[in-house]
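Read the structure below first, then the notes.
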Amino acid sequence: QLVLSAVKLGPALAAGCTVVVKASEDGPAAMLEFARLVDQAGFPPGVVNILTGGPEAGRALTTHPLVAHIAFTGGPETARHIVRASAENLSRTSLELGGKSPFIVFDDADLDSAANAQVAGIFAATGQSCVAGSRLLVQRSIKDEMLARLKAKAEAIRIGAPDDMATEVGPLCTARQRDRIERIVAESLAAGARLVTGGKTPHGAGYFPPTILDCSDSPNAASVTEELFGPVLSVVAFDDEADALRLANDTQYGLASGVFTQNLGRAHRMIRGIRAGIVWVNTYRAVSPIAPFGGHGLSGHGREGGLAAALDYTTVKTVWLRTSDDPIPDPFVMR
C-alpha cells in the first residue's frame with residue numbers, strides 16, 4: 001500500500017497538487033503511520049491527507065466537487081464504480097488495474113533463466129502483483145521440459161509466516177481472496193485443466209501453495225482468463241510465433257508481458273504485436289520510477305512513473321502574449 005501510494009504522491013506533489021489518500025479498509029495502519037512521517041518531514045498542513053473508511057468514504061471522496069483527478073489502483077469492478085462517480089463532476093481518472101500477463105517462452109530461450117524469471121514473476125509476493133506473469137505460453141516442443149523445471153522450483157518454495165526470514169511465500173491478503181482462488185482453481189480443474197503441483201491449502205487458513213495448472217487442453221478455463229491475484233500459474237502450449245501472439249492478445253487485460261527468445265527479430269515482432277503497456281524481453285518485473293508504467297483495456301489507463309505520471313496531474317494551458325506596442329487596429333475600418 002505504501003509503494004502504490006508513493007508512486008502517485010511523488011508526481012502529484014511535484015506537479016503542485018494537494019492530495020487526499022484513501023487507505024484500504026483491509027489494512028489502513030500503514031498509511032496512518034505514513035501520515036506521521038509526512039508531518040515529521042515538514043509538509044504544510046493539508047498538502048497530504050489520509051482518509052480511512054470503506055465504500056461510503058470512497059463514494060464521498062470520488063463525488064466531491066473539489067476532487068479534480070482520481071488515481072486508483074485496484075480491480076476493474078471497483079474502477080467502474082469510481083468512473084461512474086467521477087462523472088458527477090467530470091473529474092479525470094487514471095486507473096492502474098489488474099492484468100493477466102502472458103509470459104511467452106520460445107524453444108530457443110535460455111530455459112534456466114526463463115524458469116527463474118517465471119517463478120519470480122508469478123510466486124513472488126504470493127502472486128499478489130498486478131504484473132504477475134500468470135499465463136505461461138510455452139512452445140509445445142519444450143513444454144514438458146519447462147513444466148518439469150517449474151514443478152521442482154515451485155515445490156521447493158518455503159511457505160510460512162511473513163515475519164519469518166526463511167519464508168519465501170507468505171499468506172494471502174484476505175480470507176475472501178483465498179476462497180476465490182480455491183473456487184477458480186476447482187472450476188478450472190473441472191473444465192479440463194491438469195494439476196501439475198499445489199492446489200490444496202496447506203497449514204494455516206491464510207495460505208495457498210504455489211500452484212501450476214496445465215491448461216493446454218482447456219485454454220478457456222477460468223484460471224487462464226480471470227485474474228486470480230494469487231500464486232497460480234496457468235500453462236498453455238503454442239505451436240508457432242503467430243499462435244503465441246494470438247494467445248497473448250486473447251485477453252481483456254493489457255498491462256504487462258514477457259518474451260523469452262534468442263531471436264532478436266522475433267523479439268521485435270512480438271514487441272510490436274503484443275497489446276500491453278509493458279513488454280519485457282528475456283527478463284521480467286524490471287521496473288524503475290523513471291519509466292512509464294500502465295496498461296489499457298481492463299488494465300486501466302494513464303501512466304505511473306516517468307514524466308508521463310506528472311503530466312497526468314496537470315492540464316495544458318495555452319498562452320498568447322502580444323509583445324507589440326502598436327495599437328490593435330480596428331478590424332472594421334476599411335484600409
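Along the sequence shown, residues are numbered consecutively beginning with 1.
- Ala85 approaches Thr63 most closely through the heavy-atom pair CB-CG2, 3.7 Å.
- Between Asp108 and Arg266, at least one side-chain N (NZ, or NE/NH1/NH2) sits under 4.0 Å from a carboxylate O, which counts as a salt bridge.
- Within the structure, salt bridge (Lys or Arg N to Asp or Glu O under 4.0 Å) pairs that include any residue of residues 28-44 comprise Glu33-Arg36 (at least two apart or interchain).
- Shown here is Asp217, whose CG atom has no more than 12 heavy atoms of other residues, nucleotides or ligands within 6.0 Å.
- Looking at residues two or more places apart in sequence or on another chain, you find no ring pair (Phe, Tyr, Trp, His ring centres under 6.0 Å) involving Phe229.
- In this structure a side-chain-to-backbone donor-acceptor pair under 3.5 Å is present from Arg303 to Gly295.
- Partner of Phe208 under the side chain to side chain contact (heavy atoms under 4.5 Å, CB included) criterion, chosen from Leu228, Ile159, Val169, Ile181: Ile181.
- Using a 4.5 Å heavy-atom cutoff, the side chains of Ile212 and Val235 are in contact.
- In this structure, Tyr313 and Lys8 have side chains that are in contact, with non-hydrogen atoms separated by less than 4.5 Å.
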Given side chain to side chain contact (heavy atoms under 4.5 Å, CB included), test Val67 with Asn89 step by step and report yes or no. CA-CA 8 Å; Val67 174; Asn89 301 297; over 6 Å; no

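- Hydrophobic clustering (ILVMFWY, side-chain heavy atoms < 4.5 Å, transitive): Val185 and Leu172 are in one cluster.
- A salt bridge between Glu226 and Arg183 is absent, with no side-chain N of the basic residue lying under 4.0 Å from a carboxylate O of the acidic one.
- Two residues are said to be in side-chain contact when any heavy atoms from C-beta on lie closer than 4.5 Å; Glu96 and Leu255 meet this criterion.
- When the side chains of ILVMFWY residues are joined at heavy-atom separations under 4.5 Å, either directly or via intervening members, Val7 and Val48 end up in two distinct hydrophobic clusters.
- Ion pairing of Asp26 with Arg176 is present here, as a side-chain N (NZ or NE/NH1/NH2) and a carboxylate O approach within less than 4.0 Å.
- Ile122 and Val105 fall within a single hydrophobic cluster, where Ile, Leu, Val, Met, Phe, Trp and Tyr side chains are chained together by heavy-atom contacts under 4.5 Å.
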For a side chain to side chain donor-acceptor pair (under 3.5 Å) check, start with the C-alpha distance between Asp214 and Ser216, then their side-chain angles and the critical distance, and finish with the verdict. CA-CA 6 Å; Asp214 183 357; Ser216 296; 2.9 Å; yes

Determine whether Val83 and Leu95 satisfy the following criterion, side chain to side chain contact (heavy atoms under 4.5 Å, CB included), listing intermediate values before the conclusion. CA-CA 9 Å; Val83 171; Leu95 308 172; 3.8 Å; yes

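- Criterion: ILVMFWY side-chain heavy atoms under 4.5 Å apart, direct or through other members. Under it, Val19 and Val38 are part of a common hydrophobic cluster.
- The number of heavy-atom neighbours closer than 6.0 Å to CD of Glu25, taken from other residues, nucleotides and ligands shown, is above 12.
- Comment: Asp312 does not engage Arg92 in a salt bridge, judged by the lack of any side-chain N to carboxylate O separation of less than 4.0 angstrom.
- Looking only at side-chain heavy atoms (C-beta outward), Gln139 and Phe238 come within less than 4.5 Å of each other.
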Go through His301 and Thr93 one step at a time and tell me if the side chain to side chain donor-acceptor pair (under 3.5 Å) criterion holds. CA-CA 8 Å; His301 57 253; Thr93 61; 3.1 Å; yes

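- Ring geometry, Phe103 versus Tyr284: the interplanar angle falls from 30° to 60°, so the pair is classed tilted.
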